[in-house]
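The chains referred to below are lettered A, B, ... by the order of the sequence lines, with proteins before strands, and numbering in each begins at 1. Keep in mind it's a predicted model, so treat the numbers as computed, not measured.
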Amino acid sequence: MTLALVDGNNFYVSCERVFNPKLEGKPVVVLSNNDGCAVARSAEVKALGVKMGEPWFKMRDLAKKHGILALSSNYALYADMSNRMMTVLRQFSPDQEVYSIDECFLGLDGFQHLDLIEYGHAMRQRVRQWVGIPVCVGIAETKTLAKLANHCAKKNHAGKEGVCDLTRMTDTERSALFSNIGIREIWGVGPRLTEQLVGRGITNVEALRNSDAKTLRREFSVVLERTIAELNGIPCMDLEEVVPNKQQIMSSRSFGQYVYDLAPLQEAVACYIAIAAEKLRSQGSVAGMVQVYVRTNPHKADAPQYQRGLTVPLTEASDDTLLLTRAALWGLKKLYRPGYAYQKAGVALLNLSAAGAPQMDLFSTAKDNSRVMAVMDRINGMWGRGTLHSAAEGVRHDWHMKREKVSPGYTTRWDQLPLVT
DNA sequence: CTATAACTCTCAA
DNA sequence: CTAACGTTGAGAGTTATAG
């Protein structure tokens with residue numbers, strides 16, 4: 001197997017730069033929902049030592065000193081740019097797995113007659129020119145190695161300029177390269193595993209590649225065994241071109257300010273259900289259980305803490321927003337305790353199955369709202385989500401997340417298109 | 001006791 | 001002046017529970 005992993009460089013920042021060239025060459029961060037933490041950092045910001053996931057308030061001083069520009073995340077924009085990027089990349093191979101918003105695997109079996117390094121450069125060049133996004137390309141025999149190759153391409157290891165093809169290296173060259181890469185860079189090795197492996201003296205990729213997979217499987221897990229195999233060029237993961245339906249659908253959000261009363265919590269939960277149920281219907285599923293949870297701010301150690309979730313089983317699986325909302329609100333009422341500063345609420349739709357199967361409950365009293373839902377989805381699809389909503393969702397939404405530095409919907413909203421005058 | 005369900009932990013982007 | 005810290009999803013492994 002030969003495959004490429006193509007990954008956008010600090011993707012969200014790059015998307016913003018396409019439409020606002022003034023951001024070019026400047027330190028830029030894109031913040032998570034609620035303007036909380038850094039989720040994308042330009043090279044200039046990384047150079048200043050800002051870590052991934054660092055809270056914005058903690059870097060305020062640094063930001064002021066170095067003129068760091070912060071933007072709220074604009075997912076509508078990033079999703080649209082992602083689609084364009086994926087479309088261009090699909091021209092380079094019919095076998096594409098869209099792995100996340102900013103990266104995809106491309107199957108390259110049957111392309112080996114080409115100079116794959118040149119091919120990788122062609123990908124970079126075309127995505128840059130047609131979409132405006134800079135990407136790096138890693139090429140290797142397994143997904144894990146392709147990820148690693150991509151890392152090398154990004155870091156400019158061994159003089160790579162945005163493209164790294166491990167298949168063209170001798171084993172000696174690989175060993176030298178891998179000896180200089182920490183295990184934390186390996187796909188599937190997170191902070192916990194890193195700590196434990198380092199404790200055993202396994203610190204770099206070369207060391208892990210040469211360690212005994214069977215022993216480590218016994219001590220850790222089958223996941224690590226597979227990772228080791230993949231590092232040695234033995235594929236354990238296939239290219240997955242068809243995206244399977246979700247097994248669970250979640251929707252949760254932190255509030256822009258603390259919430260104390262039941263009423264606003266109910267509104268928020270109703271909104272989250274509406275979002276989740278819309279996704280549920282779009283993949284043609286029904287949910288058998290609804291989970292709802294609330295929590296206070298765990299970072300605020302001196303405040304009274306409360307965190308609880310409840311799973312509400314439905315007598316009959318459903319995709320009806322109104323029914324799912326009732327179930328969630330029933331659960332919320334059970335959970336709610338007055339006297340706490342709630343920071344976040346969320347819902348999950350669980351036990352998903354395919355819709356359209358005949359309803360088996362003879363004694364069902366549930367009203368069939370499927371046509372109402374279809375109309376709602378059509379209207380909201382045309383005019384934007386939230387155009388038509390249930391009364392339970394409310395209208396004021398004082399609790400709504402902060403999004404103070406958001407850029408215009410350049411590619412998705414006519415009314416936000418900046419006009420050249 | 002076994003088979004499942006439910007829950008916890010880890011990882012990823 | 002203070003307080004201000006994401007979201008969504010999967011899979012493996014473990015524990016609780018039902019029969």
Side-chain angles (χ1 to χ4, degrees), chain A residues 5 7-12 29-41 50-61 63 70 72-73 75 78-79 82 97-105 143-144 147 150-151 183-197 217-227 236-237 240 243-258 272 275-276 279-280 283 288-289 291 293 295-303 307-313 341 343-352 401-404:
Chain A
L5 187 267
D7 190 321
N9 301 351
N10 38 60
F11 187 67
Y12 297 169
V29 286
V30 172
L31 302 175
S32 63
N33 275 346
N34 231 0
D35 295 342
C37 307
V39 290
R41 305 157 296 155
V50 174
K51 294 280 172 279
M52 188 67 169
E54 197 170 313
W56 170 234
F57 75 90
K58 282 191 179 174
M59 53 176 135
R60 276 282 168 80
D61 289 344
S72 305
S73 33
Y75 287 106
Y78 311 148
S82 172
E97 174 183 337
V98 176
Y99 177 68
S100 74
I101 192 161
D102 75 328
E103 62 189 293
C104 72
F105 290 102
K143 283 184 166 181
T144 305
K147 279 280 220 179
N150 187 279
H151 169 79
I183 52 171
R184 186 57 241 270
E185 309 304 331
I186 300 168
W187 192 37
V189 178
R192 303 301 288 268
L193 206 47
T194 301
E195 196 187 318
Q196 298 183 70
L197 289 172
R217 171 182 182 147
R218 266 197 307 278
E219 289 182 54
F220 296 95
S221 72
V222 64
V223 183
L224 184 58
E225 182 188 30
R226 282 201 287 256
T227 297
C236 300
M237 286 176 276
E240 282 163 38
V243 187
N245 279 351
K246 304 276 178 262
Q247 301 171 25
Q248 54 177 37
I249 296 172
M250 307 175 56
S251 179
S252 68
R253 226 141 305 234
S254 321
F255 305 129
Q257 55 211 73
Y258 291 123
Y272 303 160
I275 294 167
K279 285 189 202 167
L280 181 74
Q283 71 165 35
M289 299 199 296
Q291 188 180 68
Y293 74 91
R295 70 160 169 76
T296 52
N297 183 356
H299 301 290
K300 200 170 171 175
D302 50 337
Q307 154 170 16
R308 226 182 117 189
L310 191 69
T311 307
V312 184
Q343 188 220 22
K344 183 176 179 176
V347 303
L349 303 179
L350 311 168
N351 250 9
L352 307 192
M401 67 176 180
K402 265 188 288 190
R403 223 176 154 211
E404 287 165 357

Within the 4.0 Å heavy-atom criterion, would you say A:Asn297 contacts the bases, only the backbone, or no part of the nucleic acid? sugar-phosphate
Mapping A:Ser221 and A:Met250 to their closest nucleotides on DNA chain C, which lands nearer the 5' end? A:Met250
Taking the P atom in each of C:dC5 and B:dA13, what is the distance between them to the nearest angstrom? 25 Å
Proximity to the side chain of A:Ser252 - top-ranked nucleotide from B:dA13, C:dG6, C:dT7: C:dT7
Heavy atoms under 4.0 Å, any strand shown: does A:Leu350 hit a base, just sugar-phosphate, or nothing? nothing
Under 4.0 Å between a side-chain N/O of A:Arg60 and OP1 or OP2 of C:dA3, yes or no? no
Less than 4.0 angstrom from a charged side-chain N to a carboxylate O is my criterion; do A:Lys147 and A:Glu185 meet it? no
Is the closest side-chain heavy-atom distance between A:Tyr99 and A:Asp7 below 4.5 Å? no
Is any side-chain heavy atom of A:Ser252 less than 4.5 Å from a side-chain heavy atom of A:Lys344? yes
Does A:Lys344 make a side-chain N or O approach to OP1 or OP2 of C:dG6 shorter than 4.0 Å? no
A:Tyr258 vs C:dA4: side-chain N/O to OP1/OP2 distance below 4.0 Å: yes
Using whole Å, what does the distance between atom C1' of nucleotide C:dA3 and atom CG of A:Asp61 come to? 14 Å
Tell me: NE2 of A:His299 to C1' of C:dA3, nearest whole Å? 14 Å
The residue, A:Ile249 or A:Ser32, whose nearest nucleotide of DNA chain C is more 5′ is A:Ser32
The side chain of A:Asp102 is closest to which nucleotide in this list: C:dT8, C:dC5, B:dA13? B:dA13
Give the rounded distance in Å between these two atoms: CE of A:Met289 and C1' of B:dA6. 8 Å
Which is true for A:Glu54 with a 4.0 Å heavy-atom rule: it touches a base, it touches only sugar-phosphate, or it touches nothing? nothing
Between A:Gln248 and C:dT8, is there a contact of a side-chain N or O with OP1 or OP2 at under 4.0 Å? no
OP1 or OP2 of C:dA12 under 4.0 Å from side-chain N/O of A:Arg217: no
Any A:Arg226 side-chain N or O less than 4.0 Å from OP1/OP2 of C:dG11: no
Kindly assign one of parallel, tilted or perpendicular to the pair A:Trp187 and A:Phe105, based on the angle between their ring planes and the thresholds 30° and 60°. tilted
Can you tell me if A:Trp187 touches the phosphate of B:dA13, counting only side-chain N or O atoms and a distance under 4.0 Å to OP1 or OP2? yes
May I have the distance from A:Arg253 (atom CZ) to C:dG6 (atom P), rounded to whole angstrom? 12 Å
For a quick test of reading the model: is some side-chain N or O of A:Thr311 closer than 4.0 Å to OP1 or OP2 of B:dA6? no
C:dA3 OP1/OP2 closer than 4.0 Å to side-chain N/O of A:Lys58: no
Please confirm whether the shortest side-chain N or O distance from A:Asn34 to OP1 or OP2 of C:dA4 is below 4.0 Å. no
Establish, with yes or no, whether the OP1 or OP2 oxygen of C:dG11 is under 4.0 angstrom from a side-chain nitrogen or oxygen of A:Gln247. yes
What's the CG-C1' distance between A:Leu193 and B:dA12, to the nearest Å? 14 Å
Remember a base hit wins even if backbone is also touched, and classify A:Pro298 as base, sugar-phosphate or nothing at under 4.0 Å, heavy atoms. nothing
To the nearest angstrom, the CG-C1' distance between A:Leu5 and B:dA12 comes to 12 Å
Say whether, by atom type as modelled, one donor and one acceptor occur between the side chain of A:Ser73 and the main chain of A:Leu31 under 3.5 angstrom. yes
If you check every side-chain atom of A:Arg192, which of C:dG6, B:dC11, B:dA13 has the closest atom? B:dC11
Tell me whether the side-chain N/O atoms of A:Ser254 come closer than 4.0 Å to OP1 or OP2 in C:dT7. yes
Ionic contact status for A:Lys143 with A:Glu97, cut-off 4.0 Å: yes
Using a 4.0 Å heavy-atom cut-off across all strands, classify A:Tyr99 as base, sugar-phosphate, or nothing. sugar-phosphate
What integer distance in Å separates A:Glu195:CD from B:dC9:P? 15 Å
Classify the nucleic acid contact of A:Ser73 as base, sugar-phosphate or nothing, counting any heavy atom under 4.0 Å across all strands shown. nothing
Under a 3.5 Å limit on both distances, the Watson-Crick or wobble mate of C:dA3 is none
Any idea which of C:dG6, B:dA13, C:dA10 is nearest the A:Asn33 side chain? C:dG6
Check the distance between C:dC5's C1' and A:Arg295's CZ and give it to me in whole angstrom. 9 Å
Between A:Tyr12 and A:Asp102, do the side chains contain a donor N or O and an acceptor N or O under 3.5 Å apart? no
More than 12 non-hydrogen atoms from neighbouring residues, nucleotides or ligands closer than 6.0 Å to CD on A:Glu195, yes or no? no
